[in-house]
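Okay, so here's the structure we're looking at.
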Amino acid sequence: MSLEEQQNLEATYVMHTFGRKPVEFVRGEGMELVDDQGNTYLDFIAGIGVISLGHCHPAVAGALRSQAERLIHVSNYYYIEGRGEVARRLSDLLNNGAPADAEPWQSFFANSGAEANECAIKLARLHARKRAEARALAAGVGEDEARAAAAAAPRVIVTLERSFHGRTMATLAATAQPAKQEAFQPLPDGFAHTPLNDVAALEALFAARGDEICAVMVECVQGEGGVHPCTPAFLAAARKLTEERGALLVCDEVQTGVFRCGAPFAFQRFGVVPDVVTIAKGVASGMPTGMCAARASVAASFEPGDHGSTFGGSNLAVAAAEATLRTLADEGFAERVERVGAYLRARLAELPRVTEVRGLGLMAAADVAEGVDANDVVLRGLGEGLVLNATGPRTLRFLPPLVCEERHVDALVEGLARLLGE
C-alpha cells in the first residue's frame, strides 16, 4: 500500500489527534529506520524516548518471539513468569548507590507513563489517608474519629509549571500547562502548581497550604516542557519540605529514567531519594509498559482491590522489560550515555543559529534563533535522513536510542548545519 493510500485511509478512519509527518517507516535496526520507499534515516527521537536499545534489538526481539510462542496474556489474577525478577531488577537500580540495607522498592505494573502517574496519584492520597487514620488510632480515639481523620487527610499534590504527566483527566490536571487543559475543563481538583526551580515559591506554598499537601510530583528534567532540568537546590528543598510535613516526594521518571540521563534514574544525579518513582517509555524498549515503584513502607498502603490493570505486567511486557533491563545493566550503558550525551550537547552548541543547549545524558534540547521555525526544521530534516522532534516553535529535542554513538551525532550535526544554514 502506498503512503498516499495509507494517508487517505487514516484521514477517513483514524482520529486526527496527531499531526503526522509524511513518511511511513516499515523496518528498523539500531539507530536506523527505513521507510516504505527504501530510504534510510537516523532516528533521534526513538519513539519519544522509548526505543532504549535501538530498533529491533536481538535481546528484545528474541524475548518477545519466544514468549509469544508460549503465552501472551493471562491477567494479574495469577503469577507471571519473570515479573518478580523485573521488579527486583528495578528495585536494585532504584537503590543504586544506596546502603546495602536500603529499603526495597515494590512495583505496580501498568501500560504507560500516564497510568504509572495515575497510580502514583492514588497511592499518595491513600497513603495520606492511612497515615492520618493510624495516627488518630495511636492517639486513642475511636474508630469513627479515626475515619473522620482519614477523610480530612491532605490530598493536594504539588506539580511544577510546564510539567507534563500524561493525558488522562487526572494526569492532565497534574500537568501545569493551561493550553493543554483549557478544552477539557472541568478537570479533577486537588492539584497546586509552582514555578520550576523557585525555592522561595515552593516554601511559600508549603507555608500557606502545607496541611493540605500529600505529595510533590516532579520531573527531574522536564521533557515535554523543553528539557529543563531541576536544580539540585530545588529538589533538595522539595525533599526537605515533604519530609517535614510527612508528604511524599514523587519523581516522574517516565522520560528521564532507565539510563536516559546516564544514571539508572535521573534523581540519582541530584542527591535526593524520593518515595515514589514512575517509569515507562524506555523500560521495555518498545513494548508498552509502565511501572509505579514505591518504597515498601509506602507501597504497603495499597491493599488488594485498591488499584489494578487488565493488561499491565502481561507476559509479553515482562519478557521485553526483563531483556531491556538486563542488557542495559550488563553492558554498562551508564558510562556510554554520559560520554555520548556530553558529546551531543557540545556538538549542538557549535551549530549556527543555536542559542542555548540543555540536557542530561542522551536527553537534550537546542533552542534556535528567532526567525527559525523548529517544526519546519523537523519536517525538512526528513530530506536529510534525520528523524527529529520539536517541543515548541524554537526548541528541538533529542532523545536518540541509547545505542547512539559519536558518529551518529556527527551525522546529525552535519545535517542540522545544512538545515539551519538554509
Side-chain angles (χ1 to χ4, degrees), residues 74-131 133-134 157 165 214-218 239 242-243 246-254 256-258 263-268 272-284 288-315 317-322 324-326 328-329:
V74 294
S75 91
N76 286 299
Y77 288 147
Y78 313 102
Y79 289 94
I80 300 291
E81 180 184 6
R83 184 170 54 201
E85 173 64 14
V86 170
R88 183 193 66 79
R89 283 185 178 274
L90 276 176
S91 180
D92 289 348
L93 290 172
L94 287 161
N95 276 334
N96 184 57
D101 60 350
E103 185 178 7
W105 296 72
Q106 295 181 348
S107 291
F108 171 83
F109 286 72
N111 304 286
S112 66
E115 289 184 26
N117 284 331
E118 286 272 353
C119 179
I121 290 166
K122 291 176 71 174
L123 178 58
R125 290 178 176 166
L126 183 61
H127 182 71
R129 287 179 63 92
K130 293 200 170 183
R131 185 172 181 269
E133 184 177 31
I157 296 174
H165 298 292
C214 69
V216 174
M217 178 183 282
V218 300
R239 178 70 284 184
T242 51
E243 285 181 341
L248 300 182
L249 178 61
V250 180
C251 281
D252 177 342
E253 296 258 10
V254 168
T256 57
V258 197
F265 291 95
F267 73 81
Q268 293 159 340
V272 298
V273 179
D275 304 293
V276 181
V277 175
T278 56
I279 305 153
K281 290 194 182 291
V283 75
T289 309
M291 287 94 161
C292 175
R295 293 187 296 109
S297 57
V298 174
S301 293
F302 270 151
E303 296 177 2
D306 283 335
H307 196 47
S309 171
T310 296
F311 292 103
S314 72
N315 305 72
V318 165
E322 194 281 328
T324 301
L325 293 174
R326 171 169 41 81
L328 287 169

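The chain is numbered in sequence order, starting from 1. The model shown is predicted, which means the values in this text are computed figures rather than measured ones.
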**Report entry** Derivation of the side-chain contact (heavy atoms from CB on, under 4.5 Å) call for Val283 and Thr324
**Finding:** CA-CA 7 Å; Val283 75; Thr324 301; 6.0 Å; no
Query - Contacts of type side chain to side chain donor-acceptor pair (under 3.5 Å), residue Thr242, not counting sequence neighbours - result: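 Residues passing side chain to side chain donor-acceptor pair (under 3.5 Å) with Thr242: Arg239.
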Query - For Ser309, side chain to side chain donor-acceptor pair (under 3.5 Å) partners two or more places apart - result: Asn111
Report task. Applying side-chain contact (heavy atoms from CB on, under 4.5 Å), run through Ser301 and Leu123 and close with a yes or a no. Result -> CA-CA 7 Å; Ser301 293; Leu123 178 58; 4.1 Å; yes
Minimum heavy-atom separation for [X] and [Y], please, with both atom names.
X: Val318; Y: Arg83; value: CG1-N, 3.5 Å
X: Ala247; Y: Asp275; value: O-OD2, 4.0 Å
X: Phe302; Y: Cys119; value: CE1-SG, 3.6 Å
X: Ser107; Y: Leu90; value: OG-CD1, 3.9 Å

Donor-acceptor pair, side chain of [X] and main chain of [Y], under 3.5 angstrom:
X: Asp252; Y: His165; result: no
X: Glu81; Y: Asn315; result: no
X: Glu115; Y: Ser112; result: no

**Report entry** Partners passing salt bridge (charged side-chain N to carboxylate O under 4.0 Å, His left out) against Glu133 (at least two apart in sequence or in another chain)
**Finding:**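 By the salt bridge (charged side-chain N to carboxylate O under 4.0 Å, His left out) rule, Glu133 matches no residue at all.
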Query - Contacts of Gln106 that satisfy side-chain contact (heavy atoms from CB on, under 4.5 Å) - sequence neighbours left out - result: Ala296, Ala299
Report summary line: side-chain contact (heavy atoms from CB on, under 4.5 Å) filter on Ala120, not counting sequence neighbours, yields Met217, Val250, Val276, Thr278, Cys292
Report task. In sequence, state the C-alpha distance, the side-chain angles, and the governing distance for Arg89 and Glu85, and then conclude on salt bridge (Lys or Arg N to Asp or Glu O under 4.0 Å). Result -> CA-CA 6 Å; Arg89 283 185 178 274; Glu85 173 64 14; 3.3 Å; yes
Report task. Might you work through the side-chain contact (heavy atoms from CB on, under 4.5 Å) test for Cys214 and Ile157, ending with a clear yes or no? Result -> CA-CA 6 Å; Cys214 69; Ile157 296 174; 3.7 Å; yes
Report task. Flag the pair Ile279 / Thr289 as yes when at least one side-chain heavy-atom distance between them is below 4.5 Å, and no otherwise. Result ->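 Not touching, per the 4.5 Å side-chain cut-off.
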**Report entry** Check: Val218 and Cys251 side chains under 4.5 Å, non-hydrogen atoms
**Finding:** yes
**Report entry** Trace of the side-chain contact (heavy atoms from CB on, under 4.5 Å) decision for Glu243 with Leu249
**Finding:** CA-CA 8 Å; Glu243 285 181 341; Leu249 178 61; over 6 Å; no
Report task. Measure the acute angle between the ring planes of Phe108 and His307, then classify it against the limits of 30° and 60° as parallel, tilted or perpendicular. Result -> tilted
Please tabulate, for the side chains in residues 93-101, all donor-acceptor contacts under 3.5 angstrom to protein atoms that are two or more places apart in sequence or on a different chain.
residue: Asn95; atom: OD1; partner: Trp105; partner atom: NE1; Å: 3.0
residue: Asn95; atom: ND2; partner: Glu103; partner atom: O; Å: 3.0

